[in-house]
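Residue indices begin at 1 and follow the sequence shown.
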Amino acid sequence: MTEQRTDFADLVRQRRADLKISVRKLEELSVDPETGAQAKYGWISKVERGESTDAPAPALLRALAAGLSLPLRTLQEAAAAQYLDMQSFLWSEDHTTRVLAARIEEMTDEERQQLAAIAETFARRRTERDGKGAGKTD
């Protein structure tokens with residue numbers, strides 16, 4: 001049996017400690033700017049203790065990002081790692097394209113290079129496509 005990952009729980013616990021705020025204060029600060037949804041004390045406590053919870057919804061991640069003063073992407077990646085056993089790796093040279101893959105650590109170097117090449121091609125084509133429309137004023 002594989003050990004349960006705790007990437008998200010560790011991030012929340014450590015960041016709250018770094019900010020020197022209580023769970024109650026984090027609850028108060030954790031409000032989604034889009035929907036007004038709030039991360040509740042009981043849920044935050046369960047996450048920090050490593051108790052089983054469902055993967056957080058996008059509104060809950062946005063709320064925690066606000067409360068913890070972290071980029072949303074940081075919380076999304078930690079949640080993906082913990083709840084989906086996925087890791088995100090930055091592949092494209094311009095840092096705009098990420099590949100999210102399950103069990104990427106089990107891939108061979110050749111497989112990772114192939115995945116990197118796909119991401120790089122995608123990023124290049126997207127940049128070329130977006131660049132063609134630049135400067136048009138229809």
For Tyr41, all residues meeting ring pair (Phe, Tyr, Trp, His ring centres under 6.0 Å), sequence neighbours excluded: none
Ala37: partners by side-chain contact (heavy atoms from CB on, under 4.5 Å), with sequence neighbours left out: Asp32, Thr35, Ala59
CG-CD distance between Leu26 and Gln38, expressed to the nearest 0.5 angstrom: 9.5 Å
Counterpart residues, salt bridge (Lys or Arg N to Asp or Glu O under 4.0 Å), relative to Arg125 (two or more places apart): none
All side-chain hydrogen bond (donor to acceptor under 3.5 Å, both in side chains) counterparts of Asp18, not counting sequence neighbours: Gln14
Pairs touching residues 8-28 that satisfy ring-ring contact (aromatic ring centres under 6.0 Å, His included), sequence neighbours left out: Phe8-Tyr83
Hydrophobic cluster identity match, Val31 and Val23, side-chain contacts under 4.5 Å: no
Heavy-atom donor-acceptor pair, Gln82 side chain to Ala9 backbone, under 3.5 Å: yes
Set of residues satisfying side-chain hydrogen bond (donor to acceptor under 3.5 Å, both in side chains) with respect to Glu27, sequence neighbours excluded: none
Asp85: side-chain hydrogen bond (donor to acceptor under 3.5 Å, both in side chains) partners, not counting sequence neighbours: Arg5
Residues that Ser52 engages under side-chain contact (heavy atoms from CB on, under 4.5 Å), provided they are two or more places apart: none
Interatomic spacing from CG in Leu68 to OG in Ser30 - rounded to 0.5 Å: 5.5 Å
Interatomic spacing from CG in Leu70 to CD in Gln76 - rounded to 0.5 Å: 12.0 Å
Closest non-hydrogen atom pair between Ala39 and Ile44, with its separation: O-CD1, 3.8 Å
Glu110: partners by salt bridge (Lys or Arg N to Asp or Glu O under 4.0 Å), with sequence neighbours left out: none
Qualifying residues under side-chain contact (heavy atoms from CB on, under 4.5 Å), relative to Leu29, sequence neighbours excluded: Ile21, Lys25
Verdict with reasoning, Arg124 to Thr121, per side-chain contact (heavy atoms from CB on, under 4.5 Å): CA-CA 5 Å; Arg124 186 176 53 255; Thr121 299; 3.5 Å; yes
Where at least one partner belongs to residues 33-44, residue pairs that pass salt bridge (charged side-chain N to carboxylate O under 4.0 Å, His left out), sequence neighbours excluded: Glu34-Arg62
Non-neighbouring partners of Arg15 that pass side-chain hydrogen bond (donor to acceptor under 3.5 Å, both in side chains), sequence neighbours left out: none
Atom pair CG/CG of Leu75 and Leu64 - distance to nearest 0.5 Å: 6.0 Å
Connected via hydrophobic side-chain network under 4.5 Å: Ile118 and Met107: no
